[in-house]
S.K.: 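Just dropping this structure here.
As the structure is a prediction and not an experimental result, all values here were calculated from the model.
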Amino acid sequence: MATRREGGEMNVYLNGVIDAMPVFAKELIAGGVAGGVAKTVVAPLERIKILFQTRRSEYQSLGLFGSVKKIAKTEGPMGFYRGNGASVARIVPYAALHYMSYEQYRRWIILAFPEGGRGPVLDLVAGSLSGGTAVLFTYPLDLVRTKLAYQVVGSPKLQLQGIMTSGQLYKGIVDCFSKTYKEAGLRGLYRGVAPSLYGIFPYAGLKFYFYEEMKRYVPPEQKNSILVKLVCGSVAGLLGQTFTYPLDVVRRQMQVQRLLASNSPELKGTMESLVLIAKTQGWKQLFSGLSINYLKVVVPSVAIGFTVYDVMKAHLRVPSRDEPVKEVVTGKRNSQPSSIHS
C-alpha cells in the first residue's frame, strides 16, 4: 500500500516537473534521446561507411559484407562501435539543438513574417538554419568521432612508415581531443567544418522541405500515422543525402588527412578538394559509402529518430504545431497530454 502511494506521489512529482519545463527544454530532451538511440543502432554501418569514405583500401576492396567479417575477426564485436562514444556524445547535443532550433526558428519566422504562410519554404529555411546552428556547436565531437573510427587496431597499415606512428594512436575521446588541440589548436578541432556547413545547410533544409512537401499529399485521416511520417522522412532523407553526399566525403577526408600517408595531396578549400578528389581518386570516390548511408539514414536511423522524437514529445506534452505560435513562445502550456503530431 505504501509502495503504491509512493509511486503515485512520484508520478505527481514528475508530472509537475514536466508541466514546469519550458517548451524548448522539452524539445531539447526529445531530440537528444531520439538522436542517441538512433545513432547507437546504426553505429556498425556508420563505422564501415567512414572507413570507405576515408579510402582505407583494405576495406574498400572487401565490400560491405567482407568488411563486416574483417572487423569482427580483427577487432571483435566492439570494433563495430569504435568511435561510437564520441558519436553519441556528439549526436545527443547535435540532435537536441537541431530539433529544438528548428522549432524555434520556425516560430520566429512565423512571428516575424505572419503573412509568409506555413508552406514547405518555411521548413526549408528553418531546417537550414537549425542544421548550421547544430554543426557549429558540436563539430569538434564529430571530428574526434571520425578520427577514432578511422584508426584500425591491429591493421598492418598502421605500422607502415608515413601512415600512422604509435604516437598518433588515440586512446579515447579525451586523448584525441588533447592531441588534436596540441597539434593544431582550435583550428584543428574545426578542420573540415566548411564542407560540413556547405553540406548541412542544403541537406537539413531539403530534408525538411521534402518531408513537409510530401505530407501535403497525405490524406487528412493519415496525417498522424507514424508509418506515413517514416515513409515521408525516409524519402526526404534519401533525396537530401544524394544531393549533398560528396561534401560529406570531402569533410571526412579533411578530418583524417593528418593520419594519411605523407605523400597524399593536401586538401585545402572545399571546392578545390572536391576537384582534387575527383581527379586523383576518381569521381566515384565522391559517392563512396553512399549505399551504406542509404541503409543507415533511410531505414533505421530516420525511422527510429522520428518515432522516438514523436513519442518523447507526446510524453513530455509538447504543444502541437497547430496551436497558436504566440502561446508556445510566451510559455503558455497545455496541461493535457498531446497526441503525436507533425
S.K.: Please find the pair of heavy atoms, one from S101 and one from T133, that lie closest to each other, and give the distance.
M.R.: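 For S101 versus T133, the nearest heavy atoms are OG-CB, 4.5 Å.
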
S.K.: List the atom of V218, the atom of Q222, and the distance in Å for their closest heavy-atom pair.
M.R.: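 Looking at all heavy atoms of both residues, the closest pair is CG1-CB, 3.6 Å.
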
S.K.: Would you indicate whether F201, at its atom CZ, is surrounded by more than 12 heavy atoms from other residues, nucleotides or ligands within a distance under 6.0 Å?
M.R.: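 Yes, enclosed.
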
S.K.: How many angstroms lie between atom OH of Y105 and atom CG of L129, to the nearest 0.5 angstrom?
M.R.: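 Here the interatomic distance stands at 5.5 Å.
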
S.K.: Begin with the C-alpha distance, continue with both residues' side-chain angles, and end with the deciding distance and a verdict on side-chain contact (heavy atoms from CB on, under 4.5 Å) for D310 and K313.
M.R.: CA-CA 5 Å; D310 278 344; K313 285 198 295 183; 3.6 Å; yes

S.K.: Hey, are the side chains of I71 and F80 touching, using non-hydrogen atoms and a 4.5 Å cut-off?
M.R.: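 Side chain of I71 against side chain of F80, heavy atoms only: contact under 4.5 Å found.
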
S.K.: Do N15 and R317 have side chains that get closer than 4.5 Å, going by heavy atoms?
M.R.: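 Counting from C-beta outward, N15 and R317 do come under 4.5 Å.
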
S.K.: Going by an N to O cut-off under 4.0 Å, is there a salt bridge joining R106 and E27?
M.R.: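 A salt bridge is absent here (no side-chain N lies under 4.0 Å from a carboxylate O).
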
S.K.: Establish whether L97 and I29 are linked, either directly or via other cluster members, by ILVMFWY side-chain heavy-atom contacts under 4.5 Å.
M.R.: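 No, no single cluster joins them.
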
S.K.: Is L141 reachable from V92 through a run of I, L, V, M, F, W or Y residues, each pair having side-chain heavy atoms under 4.5 Å apart?
M.R.: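 Cluster IDs for V92 and L141 match.
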
S.K.: Answer yes if M214 and V231 sit in the same cluster of Ile, Leu, Val, Met, Phe, Trp and Tyr residues linked by side chain heavy atoms under 4.5 Å apart, and no otherwise.
M.R.: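 M214 and V231: separate clusters.
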
S.K.: Are R216 and E213 close enough for a salt bridge, meaning some N to O gap below 4.0 Å?
M.R.: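 Result for this pair is yes, salt bridge flagged.
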
S.K.: Are there over 12 heavy-atom neighbours, none belonging to F137, within less than 6.0 Å of that residue's CZ?
M.R.: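 No, not enclosed.
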
S.K.: Using 0.5 Å steps for rounding, measure from the CG atom of L122 to the CD1 atom of I110.
M.R.: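 Rounded to the nearest 0.5 Å, the CG-CD1 separation comes to 5.0 Å.
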
S.K.: Would the number of heavy atoms belonging to other residues, nucleotides or ligands and lying under 6.0 Å from OH of Y94 be above 12?
M.R.: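 More than 12 heavy atoms, drawn from other residues, nucleotides or ligands, come within 6.0 Å of this atom.
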
S.K.: Give the intermediate values and the outcome of side-chain contact (heavy atoms from CB on, under 4.5 Å) for residues F24 and M100.
M.R.: CA-CA 6 Å; F24 79 88; M100 184 276 292; 3.9 Å; yes

S.K.: Does S128 use its side chain to pair, donor to acceptor, with the backbone of L124 at less than 3.5 Å?
M.R.: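 Flag set: sc S128 to bb L124 pair under 3.5 Å.
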
S.K.: Would R191 and E183 pass as an ion pair if we require N to O under 4.0 Å?
M.R.: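 No salt bridge links R191 with E183.
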
S.K.: Of all heavy-atom pairs between T244 and Y203, which one has the smallest distance, and what is that distance?
M.R.: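 Distance-wise, the nearest heavy atoms are OG1-CB, 3.6 Å.
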
S.K.: With the 4.5 Å side-chain cut-off for hydrophobic clustering, are V193 and F177 part of the same group?
M.R.: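 The answer is yes; both residues are in one hydrophobic cluster.
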
S.K.: State, to 0.1 Å, how close V249 and S288 come at their nearest heavy-atom pair, and which atoms those are.
M.R.: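 Looking at all heavy atoms of both residues, the closest pair is CG2-O, 4.3 Å.
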
S.K.: Is there a side-chain contact (heavy atoms from CB on, under 4.5 Å) between K179 and K147 once you walk through the steps?
M.R.: CA-CA 11 Å; K179 288 181 178 178; K147 287 190 171 186; over 6 Å; no

S.K.: Which distance, rounded to the nearest 0.5 Å, do you find between the OG1 of T180 and the CG of D175?
M.R.: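 Separation between the atoms: 9.0 Å.
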
S.K.: Do K26 and I18 pass the side-chain contact (heavy atoms from CB on, under 4.5 Å) test, and can you show the C-alpha distance, the side-chain angles, and the key distance before you say yes or no?
M.R.: CA-CA 8 Å; K26 296 179 181 181; I18 291 174; 4.1 Å; yes

S.K.: Which pair of non-hydrogen atoms, one from V23 and one from P319, has the smallest distance, and what is that distance?
M.R.: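 Minimum heavy-atom contact is CG2-CD, 3.9 Å.
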
S.K.: I need the minimum non-hydrogen distance between Y245 and L290, along with the two atoms involved.
M.R.: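 The pair with the smallest heavy-atom distance is OH-N, 3.4 Å.
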
S.K.: How far does CD1 of I200 sit from CG of L206, to the nearest 0.5 angstrom?
M.R.: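 Nearest 0.5 Å value for the CD1-CG distance: 10.5 Å.
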
S.K.: Measure the spacing between CG of L143 and OH of Y190 and express it to the nearest 0.5 Å.
M.R.: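 Here the interatomic distance stands at 10.5 Å.
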
S.K.: Starting at OG of S130, measure out to CD of Q104 and round the result to the nearest 0.5 Å.
M.R.: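 Here the rounded value is 11.0 Å.
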
S.K.: Are L189 and V135 co-members of a hydrophobic cluster defined by side-chain heavy atoms under 4.5 Å apart?
M.R.: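 Result: yes, single cluster for both.
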
